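Below you'll find the structure, written out as structure tokens, and then a few comments.
Throughout, residue positions are numbered sequentially from 1 according to the sequence presented. This structure is a prediction, so every number in the text was calculated from the model and none was measured.
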Amino acid sequence: MPNPTTYVLVHGAWHDGRSWNRVAPLLTAQGHRVFTPSLTGHGDRAHLLTPEVGLTTHVEDVVGLILDHDLNDLVLVGHSYAGMVISSVANRVPERIARLVYIDAMVPTHGENAIDVMPLTRVMIDGAAGSAQPWRIPPLPEFPAPLGLFGITDPDDIAWLRTTLTDESVLCFQQPAEMDNPAQASIPRVHILCVGSEPEGVTRRPVPETQPNGEPSRVHELKTGHDAMITEPVELSALLLDIA
């Protein structure tokens, strides 16, 4: 058996580490080491959500995990908003990361925030502005199939997901990604796109033909909704195992 790989799987906005519950066992069953942290304000850390929680907080969460466990040669995976997180983590500890994987994720350049990468985020911020707590953005609503709730249409899965979702702080979408460390550009990147049920009005930024390290971009597609780790865990796990 090849040497085991260390995966750090970072959830997207409103979700928590439990979103990887169907993927993590498939990776560990192959002998790999898997971490699925819940970012500040989510999961068992939901009570820590404040207006001061932002992208920088979440970057510190992941950097702290990597340093506390002395992780090296790891595959750092980010879903959705966590593309912002893993990009900035790579800026902080590039020497510890073997590969970055973006799953249907925001892919910033240095100095961009989530609004720059996905302008629809501004609509959500504006929508919360008139509420009693304008710094809190509630999870997206469920839409008719095939959009469902974050691309999930199975009623049981939707009911379960609802129990895990919590509000996101506006600051998470306002703070810019930091990617000014030249060493981070050398890290190979892989993009996994969820296709076939994209919401109307949501435009995905095209993946550049060339990675920052000069190599051709590696792009895979999964025909599924946005939360592929819940809707297609076997296929997603197979991709993660293959690209490691």
Please confirm whether the backbone N or O of Thr56 pairs with a side-chain atom of Gln175, one donor and one acceptor, at under 3.5 Å?
-> yes

All ring pair (Phe, Tyr, Trp, His ring centres under 6.0 Å) counterparts of Tyr81, not counting sequence neighbours = His58, Phe173

List the atom of Leu193, the atom of Val207, and the distance in Å for their closest heavy-atom pair.
-> CD2-CG2, 4.5 Å

Counting only heavy atoms not in Glu178, do more than 12 fall under 6.0 Å of its CD?
-> no

So OG of Ser87 and CG of Asn91: to nearest 0.5 Å the spacing works out to 9.0 Å

Check Ala129 against Pro134 and note the closest heavy-atom contact, atom names and distance.
-> O-CB, 3.5 Å

Nearest atoms (heavy-atom pairs only) where Ser80 meets Gly12 | CB-CA, 4.3 Å

Got more than 12 heavy atoms from elsewhere within 6.0 Å of CG, Asp73?
-> no

Determine whether the side chains of Thr231 and Thr224 contain a donor N or O and an acceptor N or O closer than 3.5 Å.
-> yes

With sequence neighbours left out, what residues match His110 under ring pair (Phe, Tyr, Trp, His ring centres under 6.0 Å)?
-> none

Do the side chains of Trp160 and Leu165 join up, straight or via other hydrophobic residues, at under 4.5 Å, putting them in one cluster?
-> yes

Is Leu74 linked to Leu100 within one hydrophobic cluster, defined over Ile, Leu, Val, Met, Phe, Trp and Tyr using a side-chain heavy-atom separation of less than 4.5 Å?
-> yes

Does a donor on one side chain and an acceptor on the other come within less than 3.5 Å for Asp61 and Thr40?
-> yes

Taking the side chain from Ser38 and the backbone from Gly17, do they hold a donor-acceptor pair closer than 3.5 Å?
-> yes

Which pair of heavy atoms, one from Val8 and one from Pro37, lies closest together, and at what distance?
-> CG1-CD, 4.4 Å

How close do Pro233 and Arg22 get, heavy atom to heavy atom, and via which atoms?
-> CB-CB, 3.6 Å

Below 4.5 Å, heavy atoms only, C-beta onward: do Arg189 and Val107 meet side chain to side chain?
-> no

Spacing of NE2 belonging to His42 relative to CG belonging to Asp167, to within rounding of 0.5 Å | 9.0 Å

Hey, quick one: are Val10 and Leu67 part of the same hydrophobic cluster, counting side-chain heavy atoms closer than 4.5 Å, chains of contacts allowed?
-> yes

Under 4.5 Å between any side-chain heavy atoms of Arg205 and Met106, yes or no?
-> no

Evaluation steps, side chain to side chain contact (heavy atoms under 4.5 Å, CB included), between Leu39 and Val62 | CA-CA 8 Å; Leu39 301 175; Val62 180; 3.9 Å; yes

Output for pair (Arg33 CZ, Thr28 OG1), nearest 0.5 Å, gives 12.5 Å

Checking Gln184 side chain against Met179 main chain: does a donor-acceptor pair fall under 3.5 Å?
-> yes

Do Val63 and Ile66 have side chains that get closer than 4.5 Å, going by heavy atoms?
-> no

Under 3.5 Å, side chain of Thr57 to main-chain N/O of Gly54, donor-acceptor pair present?
-> yes

Locate the shortest heavy-atom distance separating Gln211 from Ile187; write the atom from each residue and the value.
-> OE1-O, 4.3 Å

Backbone N or O of Val123 within a donor-acceptor pair of the Asp126 side chain at under 3.5 Å?
-> no

Any donor-acceptor N or O pair under 3.5 Å, side chains His191, Ser217 | no

Indicate yes or no for a side-chain donor-acceptor contact from Arg18 to the backbone of Gly43 under 3.5 Å, with no hydrogens or angles considered.
-> no

Min side-chain heavy-atom separation Thr210-Pro216 under 4.5 Å = no

Has Glu95 got more than 12 heavy atoms of other residues, nucleotides or ligands less than 6.0 Å from its CD?
-> yes

Can Val89 be reached from Leu171 by stepping across I, L, V, M, F, W or Y side chains whose heavy atoms are under 4.5 Å apart?
-> no

Which distance, rounded to the nearest 0.5 Å, do you find between the CG of Leu239 and the CD of Glu221?
-> 11.0 Å

Hey, are the side chains of Val234 and Leu26 touching, using non-hydrogen atoms and a 4.5 Å cut-off?
-> yes

From CA spacing to verdict: side chain to side chain contact (heavy atoms under 4.5 Å, CB included), Tyr7, Val23 = CA-CA 11 Å; Tyr7 293 89; Val23 170; over 6 Å; no

Donor-acceptor contact below 3.5 Å, side chain Arg99 vs main chain Ile243 = yes

Validation row: Leu55, Asn113 side chains within 4.5 angstrom (heavy atoms) = no

May I have the step-by-step check of side chain to side chain contact (heavy atoms under 4.5 Å, CB included) for Glu112 and Met84, ending in yes or no?
-> CA-CA 9 Å; Glu112 287 188 317; Met84 304 290 296; 5.5 Å; no

Spacing of Ile103 atom CD1 and Leu9 atom CG [to the nearest 0.5 Å] | 7.5 Å

Relative to each other, are the rings of His226 and His79 parallel, tilted or perpendicular (30° and 60° limits)?
-> tilted

Any Thr166 side-chain heavy atom under 4.5 Å of Leu49 side chain | no

Could you check if a side-chain atom of Leu27 sits within less than 4.5 angstrom of a side-chain atom of Leu241, using non-hydrogen atoms only?
-> yes

Answer yes if Val170 and Leu120 sit in the same cluster of Ile, Leu, Val, Met, Phe, Trp and Tyr residues linked by side chain heavy atoms under 4.5 Å apart, and no otherwise.
-> yes

Is it the case that Asp227 and His15 place a side-chain donor and acceptor less than 3.5 Å from each other?
-> yes

Is it true that Asp16 and Arg45 make a salt bridge, defined as a side-chain N closer than 4.0 Å to a carboxylate O?
-> no

Under 3.5 Å, is there a donor-acceptor pair between the side chain of Glu168 and the main chain of Trp14?
-> yes

Look at the side chain of Ser169 and the backbone N and O of Val53, then say whether any donor-acceptor pair between them is shorter than 3.5 Å.
-> yes

Please tabulate, for side-chain N and O atoms in residues 140-156, each donor-acceptor pair with protein atoms closer than 3.5 Å (sequence neighbours left out).
residue: Glu142; atom: OE1; partner: Arg162; partner atom: NH2; Å: 2.7
residue: Asp154; atom: OD2; partner: Asp156; partner atom: N; Å: 3.1
residue: Asp154; atom: OD2; partner: Asp157; partner atom: N; Å: 3.0

SG (Cys172) and CD1 (Ile125) are apart, to the nearest 0.5 Å, by 10.0 Å

Apply side chain to side chain contact (heavy atoms under 4.5 Å, CB included) to the pair Asp104 and Arg204, showing each step before the final yes or no.
-> CA-CA 9 Å; Asp104 223 31; Arg204 177 189 287 122; 2.5 Å; yes

